[in-house]
Each structure stands twice: as C-alpha cells, then as structure tokens.
Participant: 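My structure is below; once you've seen it, I'll send some questions.
Values below: every heavy atom of this structure, side chains too, minus hydrogens, waters and symmetry copies.
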Amino acid sequence: LPSANPAAPCAEGSPVSAAASSLASSAAVGHGAHVDSRPATRESPAVKALIIGVALSYFALFLLLPLVTVFVEALRKGWGTYLMALVDPDALAAVRLTLLAAAIAVPLNLVFGVAAAWCIAKFEFRGKNLLLTLIDLPFSVSPVISGLIYVLLLGAQGWFGPWLKAHHIEVIFAVPGIVLATVFVTFPFIARELIPLMMEQGTEDEEAALSLGASGWQTFWRVTLPICTPALIDIARYFFINAMTTISAVVFLYSPETKVAAIAILNLDEAGEMGAAAAMAVLILATSSVAMGLFTALGWWVNRRTQAWRTR
C-alpha cells in the first residue's frame, strides 16, 4: 500500500498516482481559470433604472391612477354632495349589510378552515383526497353559478322553496342568501393557506405534547393553534376584504332592500350617478383600510404574545 504520509512519493503508474495527477491538473486549471466574483444580482445602472421604471409605471397605471380617478370623481361636485351621498340611507344600509356578511362569513370559514387544515395536515384517513377536492370546488365553479345554485335550491321554485315558504323562512333575496353566497365563494382560502403551513410544521410538537400527558384538545388549543395564529390572522385579513368586495355570487340573490356595497355601486353607475358611486367606492376603500389596520394591529399583538409564549 502507498504511504499515508502526503509527502511520501507514490509508485509511478499506481491508481493513487493517477488520482493525484488528476487532482493536481484540476487544481492547476482551477487556479489558472478566470473566476467572475460579481454578485448574481449586480446589474448596470441602466438595467436597474429600466426595471424600477417598469415597476413604478405598472403601479401608477393600474393602481394609483384608478384610485386618484375615484377620489376626483367623488369630490367633483364638492364636499357637500360627497357627504350627502355617504349619509344616504340606501348607501348606509348597503355598507352595513356588507360588513354583516363579512363578519359572519369570516368566523364560520375560520372554524371550517382550521378544522379542515388540521385534519388534512396532521392525520391520515380515508376520504382525504375527496375532502381536498370539495375544498377546491369553489375555485372551479364561477361565483355567478354558485349564486344560481342557491336560487335553484332555495328559491320559490327550487327544491326546498315550498318548504321554506311554508315555514316563513326567507333565504333568497334576504340576508341569509347574501351570507351563504359570501361563505361559499370564500371558504377555501383559509384551509388552502393553512394546509401547507401545518404540513411544513410537522407533528413533532404535537407528539411531544401527547407524550407529556396532554389530551388531544389540549394539544390543539395550546400547541397547534398558537403556532398557526399569526398566519391565520394574515389570511383572515385578506379574506375579510375579499368578502366585502364580492359581487358575482350575489347578483342573483339581492333585492332592493338587501344590496351589498358592490351591488349598490354598480346600480349607481348604471343609473348615471357617477359621483354617488365614486363616493360610495371611497367609503368602501376607507372601511377596508380600517379593517386592514385593525387586523394588522391584532397580528402584531398576537405575534408578541406568541413570542412571549415560546420563550417561557
């Protein structure tokens, strides 16, 4: 065998000698080759300016310009007309119904989304793929069709319409129909966002809690849910705004007394009242901004509590 001492010579023609010669030649080529040490993200000033300009132009054209146009149109006839449009009873009723539908849909879908994500990510059971398919169903069905489905099921001529009418229960063209449509088109969001998160976390924390004597409910409330709560609040924030602005699902379900804000804006625009429509759009924008701020503050507070809980 050749000597283990690196300084000792190897026999000419031996496999070790051939390997050493190959390594030496590779090292020589490596030392002689030119290596570009520039960072992969370093670009010329012209390229940087072009990329930033395209991004800012896109932002200004598709986001900033429409917002400015809405504000200008809302205030075209002065602050008095704008405030009168905001305090209109129909406008206030539409905003209240919009907030009510979103406030009901968010907790319902939170419960369903967390339960579904927990079952799919943490357990193996028959019908798991079927449950995933059902969760994705609203993504494959147009919101307009979902509203029509409720009409066919719960309308006066639908399957359950006569029974509902006999018991004096109003669903279609009433608040329950608006809430049902909002829940249907928005319920996949929370489950679909939480499932990858829970899968990435694994089951080590839950198994450790169970090994220490915790029950299943204690493990869920004290281990699984606190870890997912910050992400859950971020998802709920987007989901709440989406529920406030949905329109396609309720086009078959509203009446003059049960119009959500988006439908009211559409009706005002069709009637030629652009100023009132823009004023109501600004009101919805302000309401959404306040809701996002509240969710952001709640997420900050929960993050602080979660960090304190983890450091105990």
Participant: Can you measure from CD (Q218) to CD (E206) and round to the nearest 0.5 angstrom?
Facilitator: 13.5 Å

Participant: Can you find a pair of side-chain heavy atoms, one from D88 and one from M280, that are under 4.5 Å apart?
Facilitator: no

Participant: Any chance CD of E170 has more than 12 other-residue heavy atoms, nucleotides or ligands included, within less than 6.0 Å?
Facilitator: no

Participant: With under 30° as parallel and over 60° as perpendicular, where do the rings of W217 and W118 fit, or are they tilted in between?
Facilitator: tilted

Participant: With side-chain contact (heavy atoms from CB on, under 4.5 Å) as the criterion, how do F220 and V114 come out once you've worked through the C-alpha distance, each side chain's angles and the decisive distance to 0.1 Å?
Facilitator: CA-CA 11 Å; F220 174 76; V114 172; 3.6 Å; yes

Participant: As an exercise, state the distance from CD1 of I172 to CD1 of I178, rounded to the nearest 0.5 Å.
Facilitator: 8.5 Å

Participant: With a 4.5 Å cut-off on side-chain heavy atoms, are K48 and P45 touching?
Facilitator: no

Participant: Using the rule that two of Ile, Leu, Val, Met, Phe, Trp, Tyr join whenever any of their side-chain heavy atoms come within less than 4.5 Å, decide whether L75 and L65 are in one cluster.
Facilitator: no

Participant: Please check if L153 and I145 belong to a single hydrophobic cluster, counting links between Ile, Leu, Val, Met, Phe, Trp and Tyr side chain heavy atoms closer than 4.5 Å.
Facilitator: yes

Participant: Show the nearest heavy-atom pair for residues A121 and M198, with the distance to one decimal.
Facilitator: CB-CB, 3.4 Å

Participant: Between D90 and K259, is the closest basic N to carboxylate O distance under 4.0 Å?
Facilitator: no

Participant: So do the side chains of M199 and I120 get within less than 4.5 Å of each other, counting heavy atoms only?
Facilitator: yes

Participant: So, do L132 and R192 sit near enough that their side-chain heavy atoms are less than 4.5 Å apart?
Facilitator: yes

Participant: So D234 and E193, side-chain contact (heavy atoms from CB on, under 4.5 Å) or not? Walk me through it.
Facilitator: CA-CA 10 Å; D234 288 338; E193 292 292 335; over 6 Å; no

Participant: Which pair of heavy atoms, one from A264 and one from A94, lies closest together, and at what distance?
Facilitator: CB-CB, 3.9 Å

Participant: Grouping I, L, V, M, F, W and Y whenever their side-chain heavy atoms are under 4.5 Å apart, do F184 and L108 come out in a common cluster?
Facilitator: yes

Participant: Can you tell me how far CG of L294 sits from CZ of F240, rounded to the nearest 0.5 angstrom?
Facilitator: 9.0 Å

Participant: For the residue pair I135 and A116, what are the closest heavy atoms and their distance?
Facilitator: CD1-CB, 3.9 Å

Participant: What do the steps show when you test L67 against L285 for side-chain contact (heavy atoms from CB on, under 4.5 Å), and what is the final call?
Facilitator: CA-CA 9 Å; L67 289 177; L285 177 62; 3.8 Å; yes

Participant: Between I190 and G113, what is the shortest heavy-atom contact and its length?
Facilitator: CG2-CA, 3.9 Å

Participant: Flag the pair S140 / D136 as yes when at least one side-chain heavy-atom distance between them is below 4.5 Å, and no otherwise.
Facilitator: no

Participant: Mind telling me whether Y238 and F189 have parallel, tilted or perpendicular rings, with 30° and 60° as the class edges?
Facilitator: perpendicular

Participant: Return yes if some donor-acceptor pair links the side-chain N/O of T182 with the main-chain N/O of A105 below 3.5 Å, else return no.
Facilitator: no

Participant: Examine M274 and V70 and state if one hydrophobic cluster contains both, with Ile, Leu, Val, Met, Phe, Trp and Tyr joined whenever side-chain heavy atoms are less than 4.5 Å apart.
Facilitator: no

Participant: So, does E270 use its side chain to make a donor-acceptor pair with the main chain of N267 at under 3.5 Å?
Facilitator: no

Participant: OG/S215 to CZ/R222 distance, rounded to the nearest 0.5 angstrom?
Facilitator: 8.5 Å

Participant: Do other residues, nucleotides or ligands put more than 12 heavy atoms under 6.0 Å from F139 CZ?
Facilitator: yes

Participant: Quick one: OG on S57 to CG on L50, what's the gap to the nearest 0.5 Å?
Facilitator: 9.5 Å

Participant: Could you check W163 against F160 for ring pair (Phe, Tyr, Trp, His ring centres under 6.0 Å), going step by step and ending with a plain yes or no?
Facilitator: CA-CA 5 Å; W163 184 88; F160 304 103; 8.1 Å; no

Participant: Check the hydrophobic clustering (I, L, V, M, F, W, Y; side-chain heavy atoms under 4.5 Å; chains of links allowed) and say if V111 and L180 are grouped together.
Facilitator: no

Participant: Minimum heavy-atom separation for A101 to V179, with atom names?
Facilitator: CA-CG2, 4.1 Å

Participant: Just do the side-chain contact (heavy atoms from CB on, under 4.5 Å) check on L152 and W159 with the steps written out, would you?
Facilitator: CA-CA 7 Å; L152 296 176; W159 290 4; over 6 Å; no

Participant: Has K165 got more than 12 heavy atoms of other residues, nucleotides or ligands less than 6.0 Å from its NZ?
Facilitator: no

Participant: Within the 4.5 Å heavy-atom criterion, are P138 and V185 side-chain neighbours or not?
Facilitator: no

Participant: Are any non-hydrogen side-chain atoms of D269 and I265 less than 4.5 angstrom apart?
Facilitator: no

Participant: Compare all side-chain heavy atoms of F112 with those of V183 and state whether any distance is below 4.5 angstrom.
Facilitator: no

Participant: Would you say K77's side chain and G275's backbone share a donor-acceptor pair under 3.5 angstrom?
Facilitator: no

Participant: How many angstroms lie between atom CG of L154 and atom CD1 of I169, to the nearest 0.5 angstrom?
Facilitator: 10.5 Å

